[in-house]
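Handing you a structure now.
Position 1 is the first residue of the sequence; numbering continues from there. Both backbone and side-chain heavy atoms feed into the values below; hydrogens, waters and symmetry mates do not.
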Amino acid sequence: MVKLDLSTREDWAAAVHAAIDRFGRIDVLVNNGRYIGPGHMDAFEDTPLELIERMFLCNVFAPLHLIKLCLPIMRQQGGGVVINITSSAGDRETPQPIGQGGWGLGYSVTKAAFNRMVPGLAKELRQDNIAVIGLMPGFVGTERMAIELGEYGFDASKALPVENPGRVCAMLATAKDPMLFSGRDIHGPTFYLEHQGVLFG
């Protein structure tokens with residue numbers, strides 16, 4: 001196991017190099033981490049801009065850097081798959097107030113940038129047989145969400161099981177032709193029901 005803290009730049013290359021040293025290749029990169037910490041659910045007026053900069057570092061710049069670190073070996077292998085776990089927060093707003101089922105502005109604006117990576121990078125990397133896919137997982141009841149977001153109006157008992165996005169990531173990573181999905185934002189629960197046992201061996 002290798003520590004990868006998205007807020008610690010030194011961890012980014014170390015994690016990629018550790019994977020290469022262990023396995024000799026990188027076939028799939030899943031960008032799923034994001035900043036959660038003090039102030040992430042505060043109103044904009046109460047949020048220091050330095051905190052939003054930190055959220056951009058974790059939610060946008062770190063994934064971009066990890067992709068760039070993986071590109072050389074994926075090209076050398078003849079291809080690869082990048083899956084970004086996207087969010088509807090990047091393109092629509094919740095009616096609930098912040099902290100009562102709604103999210104802070106920093107999450108929304110960074111997820112909008114993160115979501116936008118998918119079509120842009122997919123276009124650039126298609127020639128290298130590297131698929132870049134967005135996965136919209138739906139409302140998933142992770143342990144962290146239950147522990148840290150329950151007080152902010154997010155009810156884990158009404159969420160999807162954590163296995164759902166994992167299964168869809170595995171399906172996309174082992175698809176006969178992942179390039180069919182490159183540049184698209186896949187709705188995980190629907191995708192699993194529609195495609196299990198059809199496009200995947």
Side-chain ion pair, Asp5 and Lys3, N-O less than 4.0 Å
no

Assess, by modelled atom type and distance only, whether the side chains of Ser87 and Tyr107 contain a donor and an acceptor separated by less than 3.5 Å.
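The criterion, which ignores hydrogens and geometry beyond distance, is satisfied for Tyr107 and Ser87.
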
Consider only side-chain heavy atoms of I, L, V, M, F, W and Y, link residues closer than 4.5 Å, and tell whether Met74 and Ile20 are in one cluster.
yes

Quick check: do Asn31 and Ile67 have side-chain heavy atoms less than 4.5 Å from each other?
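Yes, at least one pair of side-chain atoms sits under 4.5 Å.
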
Side chain to side chain, Phe114 and Leu64, heavy atoms closer than 4.5 Å
no

Let me confirm one number: the CG-CD1 distance from Leu105 to Ile52, rounded to the nearest 0.5 Å.
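Answer rounded to 0.5 Å: 5.5 Å.
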
Cys58 SG to Glu53 CD distance, which is reported to the nearest 0.5 Å
12.0 Å

Are Ile130 and Leu69 joined in one hydrophobic group, where the rule is that I, L, V, M, F, W and Y side chains link up if heavy atoms are under 4.5 Å apart?
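Linked within one cluster.
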
Does Tyr35 reach the side chain of Thr110, with side-chain heavy atoms less than 4.5 Å apart?
no

Side chains of Val82 and Leu121, heavy atoms from C-beta outward: is any pair under 4.5 Å?
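In short, these two side chains do not touch, never coming nearer than 4.5 Å.
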
State the CG-CD distance between Leu4 and Glu10, to the nearest 0.5 angstrom.
12.0 Å

When rounded to the nearest 0.5 angstrom, what is the spacing between CH2 in Trp12 and CG in Leu6?
8.0 Å

With hydrophobic residues grouped by side-chain heavy-atom distances under 4.5 Å, do Val28 and Phe191 end up in a single group?
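Yes.
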
Within the side chain of His65, is there an N or O that forms a donor-acceptor pair under 3.5 Å with the backbone of Phe61?
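Side chain of His65 to backbone of Phe61: no pair is present.
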
Let me confirm one number: the NZ-CZ distance from Lys111 to Arg34, rounded to the nearest 0.5 Å.
7.0 Å

Co-membership, hydrophobic cluster, residues Val16 and Val2, 4.5 Å side-chain
no

Nearest atoms (heavy-atom pairs only) where Gly24 meets Ile73
O-CD1, 3.9 Å

Under the criterion side chain to side chain contact (heavy atoms under 4.5 Å, CB included), I'd like the reasoning laid out for Phe181 against Ile133: C-alpha separation, chi angles, the key distance, then a yes or no.
CA-CA 6 Å; Phe181 310 104; Ile133 306 167; 3.9 Å; yes

Distance-only, no hydrogens or angles: does the Asp42 side chain make a donor-acceptor pair with backbone N or O of Thr47 under 3.5 Å?
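A pair under 3.5 Å: no.
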
So, taking the atom named OG in Ser182 and the one named CG in Leu172, what distance separates them when rounded to the nearest 0.5 Å?
10.5 Å

Do Leu71 and Leu125 come close enough that some side-chain heavy atom pair is under 4.5 Å?
yes

Shared hydrophobic cluster, Leu57 / Val109 (ILVMFWY, side-chain heavy atoms < 4.5 Å):
yes

Among Ile83, Thr86, Asn84, which one satisfies side chain to side chain contact (heavy atoms under 4.5 Å, CB included) with Leu135?
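That would be Ile83; it is the only one of Ile83, Thr86, Asn84 passing the side chain to side chain contact (heavy atoms under 4.5 Å, CB included) with Leu135.
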
